[in-house]
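Numbering of residues begins at 1 and proceeds along the displayed sequence.
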Amino acid sequence: MLSQHRDYDGPAPLPLIQFWVALSEPGKDYEGGNLVVYSKDGTRRRVEADLGLRRGDALIFDKTLLHEVELTQIPADGAARGRWTVLIGARAPRDSVFSATKKKALYGPPLYPLVALGTTMFKRMRSNAAPS
């Protein structure tokens with residue numbers, strides 16, 4: 001069970017997505033354990049039960065949406081195969097205004113080409129100065 005949460009909270013300059021892939025078969029490998037995603041208007045969707053996603057299916061969703069995983073149980077036949085998924089789109093801490101501004105200045109135009117060139121030149125000078 002994973003309680004209700006957002007993987008990113010706050011404004012983002014670009015859409016932030018999660019890519020979720022089911023590696024286990026609901027109802028066969030595990031009982032319950034639905035990924036539950038809440039839309040911005042609060043509508044609750046149980047991915048496996050309501051949308052019918054099965055092993056091998058994928059879901060892409062906005063990582064600012066509330067979501068949770070219900071309690072997963074062992075199937076009635078006693079086979080403990082479990083609930084396995086792959087989730088791509090790690091949690092990212094929100095940058096402070098200072099940090100975001102610094103990144104934009106260093107890695108955006110017009111400074112990035114100069115920073116990259118300076119770094120390359122510094123590495124070359126350092127490697128040429130190193131004793132053999």
Side-chain angles (χ1 to χ4, degrees):
M1 184 166 136
L2 185 60
S3 62
Q4 201 176 82
H5 67 282
R6 288 182 172 88
D7 288 339
Y8 187 89
D9 195 16
L14 302 169
L16 300 173
I17 60 170
Q18 297 278 48
F19 182 76
W20 177 91
V21 180
L23 301 178
S24 305
E25 188 65 37
K28 179 180 176 189
D29 297 331
Y30 64 96
E31 300 289 336
N34 282 278
L35 170 65
V36 181
V37 179
Y38 296 84
S39 65
K40 293 192 187 249
D41 70 2
T43 305
R44 181 177 192 262
R45 298 273 190 258
R46 295 168 59 217
V47 171
E48 294 91 338
D50 298 340
L51 302 179
L53 269 68
R54 298 288 177 242
R55 182 176 53 212
D57 290 340
L59 175 73
I60 296 174
F61 66 97
D62 181 344
K63 68 192 317 180
T64 64
L65 292 176
L66 278 172
H67 56 282
E68 64 184 317
V69 177
E70 297 174 336
L71 181 65
T72 304
Q73 299 173 354
I74 295 172
D77 67 6
R81 292 175 283 273
R83 179 187 184 276
W84 294 90
T85 61
V86 172
L87 181 65
I88 301 170
R91 293 181 186 198
R94 186 172 173 201
D95 281 340
S96 67
V97 173
F98 174 75
S99 180
T101 304
K102 183 174 101 176
K103 283 181 184 177
K104 188 180 280 186
L106 287 175
Y107 303 118
L111 284 183
Y112 180 72
L114 298 174
V115 170
L117 179 63
T119 302
T120 303
M121 289 174 58
F122 178 73
K123 286 180 182 176
R124 285 185 188 157
M125 288 182 349
R126 204 168 76 189
S127 67
N128 290 340
S132 340

Test item: L35 and L59 side chains (from C-beta on) under 4.5 Å apart, heavy atoms: yes
Going through the distances and angles, do K40 and T64 end up as a side chain to side chain contact (heavy atoms under 4.5 Å, CB included)? CA-CA 9 Å; K40 293 192 187 249; T64 64; 3.7 Å; yes
Linking I/L/V/M/F/W/Y whenever any side-chain heavy atoms sit under 4.5 Å apart, do [X] and [Y] land together?
X: L66; Y: V69; value: no
X: L87; Y: V36; value: no
X: I88; Y: I60; value: yes

Full working for side chain to side chain contact (heavy atoms under 4.5 Å, CB included) between R83 and E48: CA-CA 12 Å; R83 179 187 184 276; E48 294 91 338; 3.8 Å; yes
Atom [atom1] of [X] and atom [atom2] of [Y]: how far apart are they, to the nearest 0.5 Å?
X: R6; Y: H67; atom1: CZ; atom2: NE2; value: 10.0 Å
X: D29; Y: T72; atom1: CG; atom2: OG1; value: 11.5 Å
X: D7; Y: D62; atom1: CG; atom2: CG; value: 10.5 Å
X: L65; Y: K63; atom1: CG; atom2: NZ; value: 12.0 Å

As a quick check of understanding, evaluate side chain to side chain contact (heavy atoms under 4.5 Å, CB included) for Y38 and E68, giving each step before the final call. CA-CA 9 Å; Y38 296 84; E68 64 184 317; 2.4 Å; yes
Could you go through V47 and W20, starting from their C-alpha distance and side-chain angles, then the distance that decides it, and tell me whether this counts as side chain to side chain contact (heavy atoms under 4.5 Å, CB included)? CA-CA 10 Å; V47 171; W20 177 91; 3.8 Å; yes
Between R45 (side chain only) and D50 (backbone N and O only), is there a donor and an acceptor less than 3.5 Å apart? no
